[in-house]
Enquirer: 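Handing you this structure, nothing more for now.
As a basis for the values below, the full set of heavy atoms in this structure was taken, side chains included, without hydrogen atoms, waters or symmetry mates.
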Amino acid sequence: MAPRKNARVAVYARVSTSGQDAGMQLRELREYAHQRGLEVVDELVDTESGSKDRRPQLDRLWTLVRGRKVDTVLVYRFDRFARSTKQLVDALEEFNHLGVDFISLHEQIDTSSPMGKAMFTIISAIAEFEREIITERIRSGIAKARADGKKLGRPRLPKSKAETIHQLRSKKLSTREIATRTGVSKSAVHNILKAVPT
């Protein structure tokens, strides 16, 4: 199975700094699309670090995908598109749900092919494994801290601070004003007042 012939393709490229040129990526991506008989309907180029959660052209790409304006997303390389394995897997899962194919030229991954689908399954399994390892490490760390007698969570406010908060509330000060005067977060002020109503 191959990408649908004449499928509408959005090409996405990214460079890290304004001094770099995405021309090479775009040329290779255009050539690939031409050879496969794919219609490039949009080219999107971000000049942003891959570590950023929000990228203007990536946001625009998602608008096209979710609006069913394209059938295939074509990228130069995984790391030009996603900043982590989790982000990649989440994107591939959404593409799959929307019926949009994903092709990474450099890794030769094409989710419209049996091999591409198998690779997606492997990537998903690796991402799940990573999540389980992180979760297990957190649980082990908490268990060890408890075994060592360490108290977990935020430290409790001194009794005098809580009394001050109630005194200020009795003077009809707002939660924001109390938080500002005492240097305590608004949520903490709210919790203290809620626990012991004045």
Side-chain angles (χ1 to χ4, degrees), residues 10 12-20 22 42 44-69 73 75 77-98 100 102 123-198:
Y12 178 79
R14 181 181 64 79
V15 290
S16 300
T17 67
S18 58
Q20 293 180 324
D42 213 334
L44 307 103
V45 179
D46 270 316
T47 306
E48 301 279 352
S49 167
S51 64
K52 290 192 176 180
D53 289 324
R54 301 297 301 274
R55 289 176 248 155
Q57 295 305 305
L58 182 60
D59 290 345
R60 191 167 143 235
L61 173 65
W62 278 113
T63 298
L64 293 172
V65 169
R66 290 165 181 156
R68 309 298 174 96
K69 304 292 186 184
V73 171
V75 304
R77 208 167 57 195
F78 282 158
D79 68 354
R80 300 294 87 192
F81 173 72
R83 66 187 177 88
S84 66
T85 304
K86 181 182 184 306
Q87 188 183 41
L88 175 63
V89 170
D90 289 346
L92 291 178
E93 287 176 346
E94 185 163 356
F95 289 155
N96 183 57
H97 175 71
L98 294 171
V100 173
F102 176 82
I123 292 171
S124 297
I126 292 172
E128 180 62 27
F129 179 60
E130 288 178 347
R131 285 194 290 270
E132 288 178 359
I133 288 175
I134 291 170
T135 300
E136 185 57 36
R137 284 176 179 168
I138 291 171
R139 287 175 180 162
S140 297
I142 291 172
K144 184 177 186 307
R146 284 178 175 159
D148 292 343
K150 294 179 180 176
K151 291 185 178 180
L152 303 175
R154 294 180 180 177
R156 296 185 63 180
L157 287 174
K159 186 178 179 181
S160 60
K161 183 78 78 172
E163 290 173 350
T164 300
I165 288 171
H166 284 292
Q167 288 170 2
L168 293 172
R169 178 58 116 190
S170 69
K171 295 178 181 178
K172 307 301 183 185
L173 269 68
S174 68
T175 300
R176 182 188 295 276
E177 290 170 327
I178 295 171
T180 300
R181 289 199 185 189
T182 60
V184 176
S185 69
K186 287 194 296 181
S187 61
V189 170
H190 175 76
N191 290 337
I192 289 169
L193 294 173
K194 184 178 179 182
V196 185
T198 54

Enquirer: How long is the span from the CG atom in N96 to the CD atom in E93, to the nearest 0.5 Å?
Expert: 8.5 Å

Enquirer: Would a distance-only check, ignoring hydrogens and angles, find a side-chain to backbone donor-acceptor pair under 3.5 Å from E177 to L173?
Expert: no

Enquirer: Checking the side chain of S140 only, and the main-chain atoms of R137 only, is there a donor and an acceptor separated by less than 3.5 Å?
Expert: no

Enquirer: Between R14 (side chain) and D46 (backbone), is there a donor-acceptor pair under 3.5 Å?
Expert: no

Enquirer: With sequence neighbours excluded, tell me which residues meet side-chain contact (heavy atoms from CB on, under 4.5 Å) with V65.
Expert: L61, W62, V70, V73, F95, L98, V100

Enquirer: Using every non-hydrogen atom in the two residues, find where F81 and R55 come nearest and quote the distance to one decimal.
Expert: O-NH2, 2.9 Å

Enquirer: List for me each residue that meets salt bridge (Lys or Arg N to Asp or Glu O under 4.0 Å) alongside E94, sequence neighbours excluded, and say none if there are none.
Expert: R66

Enquirer: Are any of the side-chain nitrogens in D42 or K69 under 4.0 Å away from the carboxylate oxygens of its partner?
Expert: no

Enquirer: Among all residues two or more places apart in sequence or in another chain, which pass the side-chain contact (heavy atoms from CB on, under 4.5 Å) test with K186?
Expert: T175, R176, A179

Enquirer: Under the side-chain contact (heavy atoms from CB on, under 4.5 Å) test against V184, which residue among N191, T164, V189, I178 passes?
Expert: V189

Enquirer: Using 0.5 Å steps for rounding, measure from the CG atom of D59 to the CG atom of L64.
Expert: 11.5 Å

Enquirer: Which distance, rounded to the nearest 0.5 Å, do you find between the OG of S84 and the CG of D79?
Expert: 12.0 Å

Enquirer: Just verifying a value: how many Å separate L58 CG and R83 CZ, rounded to the nearest 0.5 Å?
Expert: 10.5 Å

Enquirer: For L44 and Q57, which heavy atoms make the closest approach, and how far apart are they?
Expert: CD2-O, 3.4 Å

